[in-house]
Structure formats: C-alpha cells, structure tokens
Amino acid sequence: MRWRKVFEANEYGKIDRTIWYDQESVVVTGEGRRARALRYADGLEVWQLSAPSTINSNQDSNPKHCQVVKNRFDPGTVHILSNDLLWSVSSYGEMLWSIELPTKSTFKNLFLLSTSQYVIVASIDSNINQLQITYYSKQNGIQSFSSSMPWSFNYDDSRNKCTTMNNLILCSNNNEVLMVTIPVTMNDTNILTNQIQLSNKIEQIRVLYESNTQSILSIKMENSETKIYQFNKKDSAIEWEHHELNIQIKSNGFYSIITEKSLVGQQILEASASEQKLNFYVSNINEQTLSNTRSYSIELPENMGGIEYIAYSIVKSTQLVTLRMQDGSLLVIKLTDSGAELILHRDEALSSIISVDTFDLSLSIGQMRIEEEFGGTGIFSMFSRRISTQLSQLISFILRLTDLITHGNRNRDYTDTQESSVRDEFNLNKILIVVTSVGKVFGILTQSGGVLWKNYFNNFTPLENFKATQVPLFHIRSAAHYTHQPLASIVYRDRNSLHETHIRTFNPYTGDLDNTLSTSSLPYRIKHVFLSTQVADEFCKVLLFVDSNNKIHTFPPTPISRVLSTQIPTYIYLFDKTEQAFVGYYVAINENDQRTSTNLKEVWRVSFQNEEVVNIHSRSSSDRVHSAGIVLGDRSVLYKYTNLNLIAVVTEGIDYQK
C-alpha cells in the first residue's frame, strides 16, 4: 500500500461522492459542506474548500441531503447542493460561486442537474404537491428563470425512489418508471413526462452509463428480474428515446459499462458471485443486442460474500475489474485472453473494527509436559515423570538441530510461525480476536501483527447500544485447560430479520467453528446477554440471555443452578429506553432447580425526569486489577474504585436550577 487518507471522525469525514480526474480526485464530504482534491501518486491533499455557513446550516431539524454533479459540458466544474446551499468549485481548487437557497419545513431542495448554460435545482413543495424547477447561471449562480409541475411523491419517496440522468428525473412507482424531462434552455420551459411500464413492482433503478447523447439504465424488480434500457437523445435539444436491450439478465448479476476511444461502441460487463467463485461476461452492445460475449471465471481464496460495488475499466489496453465485496475486501482482477487473474486483494474490513479482545496462547508441548511433571503422588512417580520430561526435551532439541543442519533456512518461516503461535516464557505474546462491522472476524498475533485466520459470517448486523454498534465477544473456555481447545463466542443479529439472533462459537487459535455451541436463531428476542460466573460441562462457561419478557435463558441449555452461584446473589440491571429508567433485577436460584430458564425479580428502579440518557458504561466483570492504587508525585496513593456494581451514566437535559 502506497498511501492511505483518513478523514475526520465527525460528520465532515463522511464521503458523499468522489469525482475522478486524470491525476487527482475531488472528494466531497460532510453532507456537501467540504471538498478537497487528493493526488493519486502520493495521496497529497492538493487543496481543500469549505462551504460558507448559512442561516439554516446548523439546524439539526432539517434532514441532511446532498447532491454532487460533475458538469459534463465543462468537466473541470463540480456543482454541490447541500440542503439550502448551492455552490460550485473548479477541479483546481477555486470556489467559483455560492448562493443560499430558500428552504422551509415544506419546501425541500432535492435534485441537482447541469447543462452547458445552467445549474438546475428541483425542489419539492409539499404544501401544494408541486415540483419547482429553478435555473441558475453556471457562470455566477444568478437565478435565471423557473418553472413548475404537479408532483405526487413525498420527500422520502423522492429521495429513495428517484434518480437523475442527464436532464431526466426518473422515479419508480409500483410497476412503472416516471420520466420527467427538464428543459435545458430559456426558450422552452415545457416539462415533459413519460412512463415505462413493467410487469412487476420495481425494487431499484440505477444509472449504469451516462453521456451527453446516450445513457443506460438498470431496472431491478422485486421478483429479482432486471431489465436494461438504453436512452438515446433525439434531434431535439431535450427529448430522449429509449428501448430495452435484449440481454439475458441473471438475478444476482452486477453490471458496469465502459466507453473507450479504442472501442467501437460500448462494452458491458456482467459479474456474479457464487460461493468462492466469480464469473464475468464481457459483451459488445450492438444496437439492441449483445455480441462477441467472452466469459471469465476465477476462484477466490476465501468466502467474501456477494458483490457490493463493481467498476470496469480499460487501462493501457488492459481490462481491469474493481470490486468491493460484502466482507469489505477490495479486489482488482485483470481479464486477459488466457483468463482472469487476481492482482490485488486487500482486507479493508479492518478499518471498521467494533469489538476486540485478547486471548492467551496455548502451551507448547514442552510446557504441557512440565505441567504433567508435578502430577505424581509419590517420590518415585515424580522422579520418573521428571526424567521422562527432560528426555523428551532432549529428543526435541536433537530433532530440531538435525532439521536445521539438514534443511538449513528452508523451514525457517514454518518454524518461526510455530514458535509465534505458542505461549512465550512471560506470556506476553497473545492473539487478538477482532470483529468488524461487516461480519468478518480475524485472529491476529500481537507479536508480529500477522493474520492467523479470518472468517466471514453472512447476513451479519451488529447489536445496537444507544447510537453505537457492538458485537459481544466472550471467552467461553480459556487456554488454561490445555487438554481442551479454547473457545470464544460472538452474538449478532440477522441482517434480513433483526428479531433473529445468531451465536457463533469458534476456536480463537484456528478460527474453526464449533457447530455444537452455535445456533442460527434463538427462539426469543433478546434484550441483554452476559457470561456465566461458573463453568459447566468440559470447563465451558455458558451464555445467559434476557428476553423481552424479562426471562433469563441459558445457551447451550444448562440448569441455571450450575452456571450461577447459589451462595452469592446475582444482580443485573437493564435500561428501559422508552421510560428512561434503570431497573435492577435479582436472579433467584435454588440448588436443586434444574430449569434452564427463570424469571427475573425487580428489586429497584431509577428514573430520569426531563433528561435523556445518551450513554452508560459499567466495569467489565472480566477486568483484572493488578494494583489497587496509583502512587502520586507527592508519594500519596490514589486508590482505585473497584466496585463491580458501579454504573456510569451520561444524560442530556435542561438544567432548571438557577
């Protein structure tokens, strides 16, 4: 990797759109409030511009909306619409002009289009159900003229179901696509409308290719059928004609279209992912059909899920396909006459870590034998064990020395890997289990930073904790029980059904799944999950879930009396977001009780009036306190507060005290 650019952690770092040029790219961030140029060669930020403040720019009640277009008639100019602000910048870092647009609760600026003379803003007036088209001069931003038409879509539907293409606004409405043709000159202010009728309800419309005279649109329907339409500009200045391309569309296909000077016409690339295999089909678009179709396929090194983004390009007569997969991987594949070749693979999932924990490495064979050395009961038994242990260490040393003399450094990498994956003398080298927001889990060595293994889980969605996301990661069985493999578990929700909760248990050293301690769905909705204080079968701890009825369950099903102490009371707390209240519960356990679930008993409640709880934090029960205090500069001791029952609460509200 030559360079990486990390933007701000606040809203100004959220990327809205990237405009690509030959040597640089213009990146618009912060809901259209900031633009900057990055140089490809070294990642240098060539220039940065911030939008001027407006009266309504800091009002959170206004929904954030941003539109960015590159003027095709003047490619060096970028127009940005950010709520109530319209501004224009050049590709070399000059702010050309900016104007503040009228806005109110019922009047929203939504669509942005550009022509050779004007920048066009389409706004929705929900009071009179009207779409207002306003034209601004491309040179200085002065308003030139406006027109309007009836509009049946509300604001949310207009954002989610509509897109722009050239001087067209395209909206899906059940089983038809509404085409609104916007005039591009002052001489003609007549807005034209047309429809494309389809056989099924439309799920998504997407622009595949766009130019001044020709565009291609993809329409995906709810039955997974996809149709491709080609739009050609008529002899008139604004009207377009369209026809469907005769293409056999696959339900899971992704498409990208390219036009190059070296090509006659256009080429369309179709890509589909199947388990660990990618298939590509490249065809020439010839009028309404495809011709000269070439197929490619490539085996992926691991499961990466489906395709999220695809871009097809030709660089110096070389066909390149760039893909972003569901697991966050970035792939670049070269298509040649001999087949497809993977030339770049990066795990970008590591940029979205949400949970991380350390695990002790396993004992080496020699360390295990030392543990067994003290297992004897008599003096002769202990002596024989010690002699056998030392003999095995001597044999291991001789075998390793022989291998080093025979093979030299050829097995050095393998030996180093083996040594780094076992516990060192002071137990400083550990393994990091990293969970990312896209559902990819990594096992990473702390000594070298090398990735030991990685797993991707489909349909992964993290749990929500106030405004943050989290994935609980638990130590089910530690490396202390060296006769058994260690185990770790993660808990997450299903992407397609947020009511379903998944549990995945795996070996933190190898990433191998333990299907006996995993489940695809729990039969109840969970509110809270925590780990048992005692071990059950085979030294494994048990997960405890609190469902929506305040009933506690164990997984795997185990009597609660075996996993929670019957001598020391067990208290837990839950937060009720609707009532802004903390509720403490007591788990009543009987030693002879064999039930795997029981009801919680409420013992206390704390409510917050006129305040909103924005975050809570409590000390983890697995935290280790190595020192009860810190020695200060004056030799006094600042003692730590080590109460496990302490809860830190952050609230927001109005202070009525004077």
Side-chain angles (χ1 to χ4, degrees), residues 67 69 72-73 110-126 128-135 145-223 225-247 249 255 257 266 268 285 287-289:
Q67 287 268 296
V69 297
R72 291 185 307 279
F73 300 92
L110 192 58
F111 304 115
L112 181 64
L113 305 96
S114 64
T115 68
S116 58
Q117 298 178 347
Y118 302 104
V119 180
I120 305 172
V121 177
S123 309
I124 297 176
D125 192 337
S126 57
I128 55 178
N129 296 327
Q130 194 174 76
L131 183 70
Q132 181 173 317
I133 313 297
T134 308
Y135 295 75
F145 62 100
S146 64
S147 59
S148 61
M149 64 167 289
W151 192 252
S152 59
F153 296 91
N154 59 30
Y155 177 75
D156 291 332
D157 286 344
S158 299
R159 288 189 61 177
N160 300 326
K161 298 182 178 181
C162 298
T163 187
T164 60
M165 183 176 69
N166 292 292
N167 62 317
L168 297 175
I169 298 176
L170 305 166
C171 297
S172 61
N173 183 18
N174 292 326
N175 63 336
E176 71 174 16
V177 176
L178 173 66
M179 297 190 305
V180 180
T181 306
I182 307 298
V184 296
T185 63
M186 189 181 299
N187 299 328
D188 185 8
T189 59
N190 187 24
I191 302 175
L192 304 177
T193 59
N194 200 355
Q195 291 86 25
I196 300 177
Q197 296 291 336
L198 298 160
S199 57
N200 290 284
K201 189 175 180 180
I202 299 170
E203 180 180 310
Q204 182 191 42
I205 56 177
R206 187 166 69 96
V207 178
L208 297 180
Y209 173 76
E210 185 177 9
S211 71
N212 294 334
T213 58
Q214 191 178 75
S215 298
I216 297 179
L217 184 73
S218 166
I219 303 175
K220 184 178 180 181
M221 291 173 281
E222 287 189 345
N223 63 347
E225 183 182 359
T226 302
K227 293 184 179 294
I228 307 293
Y229 281 82
Q230 187 178 56
F231 289 74
N232 297 309
K233 202 163 193 179
K234 292 183 178 180
D235 295 334
S236 64
I238 66 168
E239 292 188 70
W240 295 77
E241 61 181 5
H242 62 273
H243 56 264
E244 182 183 352
L245 295 180
N246 186 19
I247 302 176
I249 301 300
Y255 301 88
I257 294 177
Q266 298 161 325
I268 182 171
I285 298 178
E287 305 236 334
Q288 298 186 26
T289 60

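The residues of the chain are indexed from 1 along the displayed sequence.
- The backbone N or O of Glu225 sits less than 3.5 Å from a side-chain atom of Asn223, completing a donor-acceptor pair.
- A 4.5 Å side-chain heavy-atom check between Ile191 and Leu131 finds every atom pair outside the cut-off.
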Between Val69 and Leu113, is a side chain to side chain contact (heavy atoms under 4.5 Å, CB included) present by the stated rule, with each step listed? CA-CA 7 Å; Val69 297; Leu113 305 96; over 6 Å; no

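- A heavy-atom distance below 4.5 Å is not found between the side chains of Ser152 and Asn129.
- Between Ser215 and Val207, the closest side-chain pair of non-hydrogen atoms is not below 4.5 Å.
- How far CD1 of Ile228 is from CD1 of Ile268: 5.5 Å, rounded to the nearest 0.5 Å.
- A heavy-atom distance below 4.5 Å is found between the side chains of Leu178 and Phe153.
- Considering only heavy atoms from C-beta on, Leu112 comes within 4.5 Å of Val119 through its side chain.
- With respect to Ile216, the side-chain contact (heavy atoms from CB on, under 4.5 Å) criterion is satisfied by exactly one of Gln266, Glu210, His242, Arg206: Gln266.
- Across all their heavy atoms, Asn212 and Asn166 have their closest contact at CA-OD1, 4.1 Å.
- When side chains are defined from C-beta on, Asn194 does not count as touching Thr181, because their heavy atoms never get closer than 4.5 Å.
- Between the side chains of Trp240 and Asn167, at least one donor N or O lies within less than 3.5 Å of an accepting N or O.
- With values rounded to the nearest 0.5 angstrom, Asn173 atom CG is found 8.5 Å from Asp157 atom CG.
- We find the OG-CG distance between Ser148 and Asp125 to be 9.5 Å, quoted to the nearest 0.5 Å.
- In this structure, Val184 and Tyr118 have side chains that are not in contact, with every pair of non-hydrogen atoms separated by 4.5 Å or more.
- Residue Ser211 holds its OG atom at 12.5 Å from CZ of Phe231, rounded to the nearest 0.5 Å.
- Counting only distance, with no hydrogens or angles, the side chain of Asn175 and the backbone of Ser199 share no donor-acceptor pair below 3.5 Å.
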Evaluate Lys201 against Glu203 for salt bridge (Lys or Arg N to Asp or Glu O under 4.0 Å), listing each step before the verdict. CA-CA 7 Å; Lys201 189 175 180 180; Glu203 180 180 310; over 6 Å; no

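- Note: Lys220 NZ to Ile202 CD1 = 13.5 Å, rounded to the nearest 0.5 Å.
- Residues Tyr135 and Thr115 have side chains not in contact (no heavy-atom distance under 4.5 Å, counting atoms from C-beta outward).
- Taken to the nearest 0.5 Å, the OG atom of Ser172 stands 6.0 Å off from the NZ atom of Lys161.
- Of all heavy-atom pairs spanning Tyr209 and Gln214, the tightest one is CE2-O, 3.6 Å.
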Chi angles and distances behind the side-chain hydrogen bond (donor to acceptor under 3.5 Å, both in side chains) call for Ser158, Trp151: CA-CA 10 Å; Ser158 299; Trp151 192 252; 3.1 Å; yes

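- Met149 pairs with exactly one of Leu192, Thr193, Ile182 by the side-chain contact (heavy atoms from CB on, under 4.5 Å) rule, that one being Thr193.
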Are Asn232 and His243 close enough, and set up right, to give a side chain to side chain contact (heavy atoms under 4.5 Å, CB included), and what steps lead you there? CA-CA 9 Å; Asn232 297 309; His243 56 264; 3.4 Å; yes

